[in-house]
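Encoded as structure tokens, the structure appears first; notes follow it.
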Amino acid sequence: MDEKYYPEKIEEKWQRLWAETGAFEVEERKGQPRFYCLEMLPYPSGFLHMGHVRNYAIGDAISWYKRLQGFNVLHPIGWDSFGQPAEQAAIKRGVNPRDWTEENIAHMRGQMKRLGISYDWRRETAAHRPDYYKWDQWFFLKMLERGLAYKRLSPINWCPKEETVLSNEQSSGGVCWRCGTPVERRDLEQWFIRTTQYAEQLLEDMREIEAGWPERVLTMQRNWIGRSEGAYVDFPVKETDERVRVFTTRIDTIYGATAVVLAPDHPLVTKIPGASALKADVERFVERVRQERAAGTGRTITGEDEAEKEGVNTGLIAVNPFSGEAVPVWVANYVLMEYGTGAVMSVPAHDERDFEFAQKYSLPIRRVIAPITHKEEPSGMEPRLGLDQSTEMTGATTDYGVLVNSGDWSGRLSEDAIREMTAFAEEKGFGEGKVMYRLRDWGISRQRFWGAPIPVIYCDGCGTVPVPEEDLPVMLPDHAEFTGTGQSPLAGVAEFVNTTCPKCSGPARRETDTMDTFVDSSWYFFRYCDPKDDARVFAPAKVAYWTPVDQYIGGIEHAVMHLLYTRFWTKMMRDLGLVSFNEPVRKLLTQGMVTNVVEGTGEWKAMSKSLGNGVDPDEMIAAYGSDAVRLFTLFAAPPENELRWQETGIEGAVRFLRRVYTMVWRWSERLSAARSAEADAPRSLAEPSMEEFSAEARALRRKTHQTIVRITNDFDELHFNTSVAALMELSNALGEFNAEPARASEADTYAVREALEALVVMLAPFAPHASEEMWEGLGHEGGLLGGDGARWPRANEDLARKEELEIPVQVNGRLRSRIRATPDTPEEELRRAALTDERVRSFTDGREVVKVIVVPQRLVNIVVK
RNA sequence: GCCGGGGUGGCGGAAUGGCAGACGCGACGGACUUAAAAUCCGUUGGCCGAGAGGCCGUGCGGGUUCGAGUCCCGCCCUCGGCACCA
């Protein structure tokens, strides 16, 4: 241990020792409480950025904290290594995606090791390796067996010039990102996962995780699933055999339906009788909307979000099954084929969109819901049904109320009418109650090379045949042609495509689409529990021991997709009998962005290359050490907040570490003297009695134990910034404890040792290398985790609490004085002390004391006349 | 529009209904130094005061309470998500 603090030497030393001793390598251990701490796995782009550093610093702090508390902590890492950038590198620079990916992983792994994150590196996984994606394929087959995976036509973005599939981002603005050609929509056979089958459970089970997940993430997922209760109602179409099925949440307003409106791509649109004069109109309209939608325009130029509502009359007539009324059938751009049935009943009086549409096209607006008003009666609030017929409607009223103009249903309350009318429709066979979701099935087909091949074979004789389990993995070929145009590059690899049918052994073709990378990341943390198993996806006992994840940490950008898919996947696995719980993650922490000033603008933006405001973690580590960088990222802001990167802040972190380090060094000789004294007379390390401590030492001990309480509580709440602040306070208190080590009494030395040891151990989650080094400096061998290993300090409750408080004394609510008392001073004594306090007496003198309010530990208030 | 989170010094941010601004950054003053850096000490919400101290102060307006940054009601501003979802 050196006198001076050299982060680079210390960090290198401990990183080496950790690796040599396998300090963070864990196995299942019955009888020891376990803790699974997980950070979202990174995409191997090539370089860590400060957002990664923040993510891993948080995870590492929690891991160390739990480890020091005696938990068996699983803290793994891996690579989300399939995906577009590797393929782009292949297209643009002709490199092999596998080589590119492996090189990036190697470099980033080095960066992580220099950060000193406490991972169990033996458990590292990477999605692009056959031993991982084999199990993606296995899961796919299991879902196929159970009807959870299926194939259907679905539109993709297509550039007609380059003849290639484009992602949504690549086709934004309706043109190809590379050549500017207008994008077409094409229907392709694609694979889907039936996530909708779990919609209700995904909502229901949120109850189990409510306490541990941020409210806004749950809200976003709830909105995404978008449950709404309503009913289907069938409207027969006159002079045809067709019926239009609509979905409505307001069946109580059906007597106000003055039209049925179809989405432009509704099947009935193609069935308008040929002779109809309106047919041409409709076709022209539908074609225009289709083009606008493909182009991503169809929105107003004024910057408003919604497009102008437009539509045409089809000439068809539908019959309201409740009223028997004949209403026109229109087609309009505001009805979406993707939701409900692609058809709605238009009730202008009670739906804002229908109202706007009806006004524009002069469709009748008929009010069928009247508001409930209340009038004051002596007996209380009496509901009074009122309908103000006189006022002209200036907008739709969407509130519940009382039905009017609704035949026999008039007079019913909306709530009751919805229930009763739905039952009536079911009874008569023209409708049924229905719960609708916004959630769509998950399309996993990607027309790309760099992903897990979908394990399916097409045979002319046998049709679609799943690859037999024993033939997995379906290996990605080593080479392919990366032109950036055409279909999936796999389609051009003959030895991949051409195969034999597993059923009939005849010639057959492989599916050339690969899986969405969200598949890989939906279950990776289960694989960490048993990453090398070749015979099965994992040993159930190992997963049962480690999962569910206790703490998951990652960016808010994954609030919906990844976190919803992974919740779905867990439920699917549960139904396969692989796990026995519903939810994969108990507690979720969504970290904020790391931002930096954009030169010249003064704006704080996420670090990025293009803005030139990026900070290189390697440079920071080289300049200040990993400990200081990590300490600062945890101290500078609460983890959920944006973190503004300020280099002067890291300097403060270095200063702090150096001060603590210097203090340990200053005392180390005295402490080791005390230690060897202990070897001679084993009594000397025992806690001295209270009287032996100097007043300063007693104050230091109080501070030490209060700090332990504070930091332990803060850690449980993930308040790292205040934990660091508390550590700094303790270090300041130690700094002010001005005893000369050589002359310090045994008792005072004890108090210093106690403070320093607590400080050093509680520093480990933030600055593990420095903490290890100082732990050694305090005379311990074998590191924090080995040898006579450290334990998270326990507070002595008495020492933490028993401090004199200053209790405010008020006279008639106005602060007049303070009296000193300990938390257990009896109420009576407080009252007496307050009344006899000199300053108080000068205010109460000669006046009658009416009441004395005593709130122990808090306040004494004296009310006088 | 709907849902969710916020508004506290120059800045990041602290405060189980109980001394607002912990801790840090920055700034200012001082010590050391030929000088600078580093380090150490002090000051740092505003106003008044030589000082002790006093008054004001947590987006705005009300309310509850002995006591409100914190709880309740009504606004304003802001960030994020969703949005023609029937």
Side-chain angles (χ1 to χ4, degrees), chain A residues 214-228 230-231 233 246-251 253 257 261 263 298-299 304-309 332-347 350-354 356-357 398 436-440 556-557 559-560 590 592-593 604 631-632 635-638 640-656 658-659 662 710 713-714 719 721-732 735 805-815 818 851-855 857-863:
Chain A
E215 183 56 42
R216 62 171 175 156
V217 173
L218 295 176
T219 305
M220 282 161 75
Q221 294 211 353
R222 240 176 243 123
N223 291 342
W224 190 264
I225 296 166
R227 181 183 199 276
S228 73
V233 182
V246 304
F247 175 72
T248 177
T249 55
R250 293 300 302 274
I251 196 170
T253 65
V261 186
R299 294 186 178 257
E304 278 172 39
D305 284 333
E306 286 171 18
E308 176 82 9
K309 288 184 181 43
N333 61 350
Y334 76 97
V335 178
L336 309 172
M337 196 59 217
E338 304 82 63
Y339 185 77
T341 59
V344 301
M345 62 179 203
S346 176
V347 185
H350 305 292
D351 182 284
E352 278 162 26
R353 296 152 300 177
D354 294 340
E356 195 187 320
F357 191 69
T398 55
M436 193 61 71
Y437 299 93
R438 206 188 75 108
L439 184 72
R440 301 275 76 105
I556 185 73
E557 67 274 19
V560 179
T590 49
M593 276 194 308
W604 293 86
L631 182 72
F632 170 69
F635 174 60
E640 305 81 5
N641 285 20
E642 173 188 332
L643 169 60
R644 298 187 163 191
W645 191 257
Q646 276 170 317
E647 210 138 324
T648 53
I650 315 184
E651 285 166 19
V654 177
R655 272 200 286 274
F656 167 67
R658 197 153 46 207
R659 269 198 294 266
T662 308
R710 266 178 71 186
N713 290 339
D714 282 352
H719 294 162
N721 55 328
T722 51
S723 296
V724 176
L727 285 177
M728 288 173 169
E729 279 186 59
L730 181 57
S731 128
N732 290 345
L805 306 163
E806 286 200 329
I807 298 177
V809 181
Q810 303 175 343
V811 177
N812 287 348
R814 232 178 136 78
L815 181 72
R818 289 172 197 289
K851 194 166 69 170
V852 182
I853 298 157
V854 181
V855 185
Q857 299 183 47
R858 293 277 178 245
L859 166 110
V860 180
N861 186 44
I862 300 163
V863 184

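Taking atom C1' on both nucleotides, U65(B) is separated from G17(B) by 9 Å, rounded to a whole Å. Spacing between U39(B) and C48(B) at atom C1', rounded to whole Å, works out to 37 Å. On the C1' atoms, G67(B) is 14 Å away from A20(B), given to the nearest whole Å. With P as the reference atom, U70(B) and G57(B) are 14 Å apart, rounded to whole Å. G4(B) and A14(B) have their C1' atoms separated by 24 Å, with the value rounded to a whole Å. One P atom belongs to C47(B), the other to G10(B), and the distance between them is 11 Å to the nearest Å. For the C1' atoms, the distance linking G24(B) with A31(B) amounts to 23 Å, nearest Å. If you take atom P in A22(B) and the same atom in U8(B), they sit 16 Å apart, rounded to whole Å.
With hydrogens and angles ignored, the 3.5 Å screen pairs no side-chain donor or acceptor of Ser731(A) with any backbone N or O of Leu727(A). Within the 3.5 Å criterion, the main-chain N or O of Phe635(A) finds no donor-acceptor partner in the side chain of Asn721(A). With hydrogens and angles disregarded, no donor-acceptor distance shorter than 3.5 Å links the side chain of Asp351(A) to the backbone of Met345(A). Not one N or O on the side chain of Arg227(A) forms a donor-acceptor pair closer than 3.5 Å with the backbone of Arg222(A).
Computed from coordinates, the Trp224(A) CH2 to G80(B) P distance equals 18 Å when rounded to whole Å. Between the CD atom of Glu647(A) and the C1' atom of G12(B) there is a distance of 16 Å, rounded to whole Å. Note: CD (Glu352(A)) to C1' (C84(B)) measures 11 Å, nearest angstrom. Between the CD1 atom of Ile650(A) and the P atom of C23(B) there is a distance of 22 Å, given to the nearest Å. If you take CZ of Arg216(A) and P of G80(B), they are 11 Å apart, rounded to a whole angstrom. One interatomic measurement links the two molecules: CD of Gln221(A) to C1' of G4(B), which rounds to 14 Å at whole-angstrom precision. C84(B) atom C1' lies 12 Å from atom OH of Tyr339(A), rounded to whole Å. Computed from coordinates, the Leu730(A) CG to G24(B) P distance equals 12 Å when rounded to whole Å.
At a threshold of 4.0 angstrom between heavy atoms, the contacts of Gly340(A) with the nucleic acid are absent. Counting non-hydrogen atoms under 4.0 angstrom, Pro638(A) reaches the backbone sugars and phosphates but no base. Backbone-only contact: Ser228(A) has heavy atoms under 4.0 Å from sugar-phosphate atoms and none from a base. Residue contacts shown for Arg655(A) are limited to sugar-phosphate atoms, with no base heavy atom under 4.0 Å away. Arg659(A) comes within 4.0 angstrom of sugar-phosphate atoms only, judged by non-hydrogen atoms across all strands, and of no base. Asn732(A) comes within 4.0 angstrom of the backbone, heavy atoms only, and of no base.
Remark: G24(B) base-pairs with C11(B); criterion is Watson-Crick or G-U wobble with both hydrogen-bond distances under 3.5 Å. In this entry A68(B) has no Watson-Crick or G-U wobble partner, no candidate having both defining distances under 3.5 Å. The base-pairing partner of G80(B), taking Watson-Crick or G-U wobble contacts with both distances under 3.5 Å, is C3(B). The base-pairing partner of A50(B), taking Watson-Crick or G-U wobble contacts with both distances under 3.5 Å, does not exist among the strands shown. Pair assignment for C40(B) gives G30(B), based on Watson-Crick or G-U wobble hydrogen-bonding distances that are each under 3.5 Å.
When distances run from any side-chain atom of Tyr334(A) to the nucleotides C84(B), C23(B), C25(B), the shortest one goes to C84(B). Nearest to the side chain of Thr722(A), among G81(B), G26(B), A14(B), sits A14(B). Looking at the side chain of Ala725(A), the nearest of the listed nucleotides A86(B), C23(B), C11(B) is C23(B). Distance from the side chain of Thr219(A) is smallest to G4(B) among G4(B), G13(B), C11(B).
When each of Phe247(A) and Ala726(A) is assigned the nucleotide of RNA chain B with its nearest heavy atom, Ala726(A) is the one assigned upstream, toward the 5' end. Between Met345(A) and Gly649(A), the one whose closest nucleotide on RNA chain B sits nearer the 5' end is Gly649(A).
Using the six-membered ring where Trp is involved, Phe357(A) and Tyr334(A) have ring planes that are tilted, between 30° and 60° apart.
The phosphate of U39(B) has OP1 or OP2 within less than 4.0 Å of a side-chain N or O from Arg658(A). The phosphate of G13(B) (OP1 or OP2) has a side-chain N or O of Asn641(A) nearer than 4.0 angstrom. An OP1 or OP2 oxygen of A83(B) is reached within less than 4.0 angstrom by a side-chain nitrogen or oxygen of Arg438(A). Residue Asn721(A) places at least one side-chain N or O under 4.0 Å from the OP1 or OP2 atom of A14(B).
Note that CD of Glu640(A) is 10.0 Å distant from CD1 of Ile556(A), once rounded to the nearest 0.5 Å. Taken to the nearest 0.5 Å, the CG atom of Leu439(A) stands 12.5 Å off from the CG atom of Asn223(A).
A glycosidic torsion no more than 90° from 0 defines the syn conformation; G54(B) lies beyond that range and is anti.
Side-chain contact check for Phe656(A) versus Leu631(A): some heavy-atom pair is nearer than 4.5 Å.
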